[in-house]
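First the structure, in the form of structure tokens, and then the observations on it.
So that the names make sense, note that chain A is the first sequence line, chain B the second, and so on, each numbered from 1. Note that the structure is a prediction, hence the values are computed from the model and not measured.
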Number of protein chains: 2
Amino acid sequence: MPKRFGVGPPWWHGRFRECGYRLTTPRESILDVLSKTSKHLSAEDIYLEVHNIYPTIGLTTIYRTLGLLVQMGFVSKFDFGDGRARYELSMGPKSVGHHHHLVCTSCGRVIDYTDFIEEEKELLSKTEKELSKRYNFKISNHLIQFYGLCERCKNKK
Amino acid sequence: MPKRFGVGPPWWHGRFRECGYRLTTPRESILDVLSKTSKHLSAEDIYLEVHNIYPTIGLTTIYRTLGLLVQMGFVSKFDFGDGRARYELSMGPKSVGHHHHLVCTSCGRVIDYTDFIEEEKELLSKTEKELSKRYNFKISNHLIQFYGLCERCKNKK
DNA sequence: CTCCTATTGATAATGGTTTTCATTATCAAT
DNA sequence: ATTGATAATGAAAACCATTATCAATAGGAG
Ligand SMILES: [Mn+2]
Ligand SMILES: [Mn+2]
Ligand SMILES: [Zn+2]
Ligand SMILES: [Zn+2]
């Protein structure tokens, strides 16, 4: 396997060492792919992408690494209903940060939106607070997705 | 296969006829199971339940019928992240109606919440309206789930 | 009751994800 | 730079929820 590409130690090296994880070519290349796209890639998408540069890296390692990255909080895993999980960088300098999705039920397109509207913020904080109290439930995360037709599909046929 | 159990024609018979679908024992028994529980059953859960009364009904039919019921709008299908789809009655006299979920990431328990739904509804419709305008997206559905620890799991070492 | 065909159920197939296990690579200690 | 403990990898097989196939069955209009 050829030498790694990074020159200066990327921002995630520290966190890896802290957790006692080793820095490996597969891990770096996967993070590299994720940090260079704004798409919502499947494990296989990532595999093919990585394969261009490191043809020896196997799909198994992609899955294993993605699991690790999700567990570490670097990556978020989503299900948009097409039978395969999608991954995207959730933290790091270039990441969009927490956001929600609009999913087109016709073509599968996924739109990120980060410009939360006031109403949504209000909805979330109120709901979370009330639900925590009412059900004695410690909320740590939420999933919000809207389904419908994107601009293209709406105006088709 | 023994004769059906219902005496008077249940509320869904009409809609079946309208759509040209036949009334069959599997379909009735599956709707019967769903209408008698407030749990979020998997296809296999339903299969086992139905199997107690009609041992000849196969799992394939459960899947097929659930697909049909979802398509007809009788049943909602959810993914709570444990690798199997969950189903629950979404319309009918006894159904809770549209609601959202609290999912315990430790024990998998799922809590329906219908309180605050009024205020939530209002904020949601505002949010949907804003998003539709901003992204030129025709929203027809949404998914909202909160993840965290349920009362039991929160207080457990 | 008959006939047409929608529906069913046993079985095999599918496909994304995980497990297994022998081999390889990382990195702290030398 | 070398070594050694062991974390990480990759090929292959296993897993498992869901679907497709197809011959047999049963609903219900007439
Ligand atoms: Mn996104
Ligand atoms: Mn529910
Ligand atoms: Zn679309
Ligand atoms: Zn719990």
Protein N or O to nucleotides 14-18 of chain D N or O, pairs below 3.5 Å:
| from | atom 1 | to | atom 2 | distance (Å) |
| --- | --- | --- | --- | --- |
| D/dA17 | OP1 | B/R84 | NH2 | 2.5 |
| D/dA17 | O5' | B/R84 | NH2 | 3.4 |
| D/dT18 | OP1 | B/A85 | N | 2.9 |
| D/dT18 | OP2 | B/Y63 | OH | 2.4 |
| D/dT18 | O5' | B/Y63 | OH | 3.4 |

- prompt: Could you give the angle between the helix axes at the two ends of the helix from C/dC1-D/dG30 to C/dT30-D/dA1, with five pairs per end, rounded to 10 degrees?
  reply: 40°

task: Kindly indicate whether a cation-pi arrangement holds for B/R15 with B/F74, taking the cut-offs as under 6.0 Å to the six-membered ring centre and within 45° of the axis.
output: yes

query: At their closest point, which heavy atom of B/S90 faces which heavy atom of B/V75, and how far apart are they?
result: OG-N, 3.4 Å

Within the sub-3.5 Å range, which N or O atoms of nucleotides 5-8 of chain D have a protein N or O partner, and how far apart are they?
| from | atom 1 | to | atom 2 | distance (Å) |
| --- | --- | --- | --- | --- |
| D/dT6 | O2 | A/R22 | NH1 | 3.4 |
| D/dT6 | O2 | A/R22 | NH2 | 3.4 |
| D/dA7 | O4' | A/R22 | NE | 3.4 |
| D/dA7 | O4' | A/R22 | NH1 | 3.3 |
| D/dA7 | O4' | A/R22 | NH2 | 3.1 |
| D/dA7 | N3 | A/R22 | NH1 | 3.4 |
| D/dA8 | OP1 | A/R22 | N | 3.3 |
| D/dA8 | OP1 | A/R27 | NH1 | 2.8 |
| D/dA8 | OP1 | A/R27 | NH2 | 3.3 |
| D/dA8 | O5' | A/R27 | NH2 | 3.4 |

task: Any chance you could lay out the salt bridge (charged side-chain N to carboxylate O under 4.0 Å, His left out) test for B/K121 and B/E118, step after step, and finish with the verdict?
output: CA-CA 5 Å; B/K121 244 192 266 180; B/E118 274 315 313; 3.2 Å; yes

- request: Write down the distance between CG (B/L66) and C1' (C/dT8), rounded to a whole number of angstrom.
  value: 15 Å

- request: Take atom NE2 of A/H51 and atom C1' of D/dA11, then tell me their distance rounded to the nearest Å.
  value: 14 Å

task: Test the B/R134-A/Y113 pair against the cation-pi criterion, namely NZ or CZ under 6.0 angstrom from the six-membered ring centroid and within 45° of the ring axis.
output: no

message: When you compare the side chain of B/R84 with that of B/R86, does any pair of heavy atoms fall below 4.5 Å?
response: yes

Atom pair OG1/NE2 of B/T114 and B/H100 - distance to nearest 0.5 Å: 11.0 Å

statement: Sorted by chain and number, sequence neighbours left out, side-chain hydrogen bond (donor to acceptor under 3.5 Å, both in side chains) with B/Y63 holds for none

Results of side-chain hydrogen bond (donor to acceptor under 3.5 Å, both in side chains) for B/Y135 - residues two or more places apart only: A/D115

task: Mind calculating the distance between OH (A/Y54) and C1' (D/dT9) to the nearest angstrom?
output: 15 Å

- prompt: Are A/V33 and A/L89 close enough that some pair of their side-chain heavy atoms sits under 4.5 Å apart?
  reply: no

task: With sequence neighbours excluded, tell me which residues meet side-chain contact (heavy atoms from CB on, under 4.5 Å) with B/D112.
output: B/H40, B/E88, B/H99, B/H101

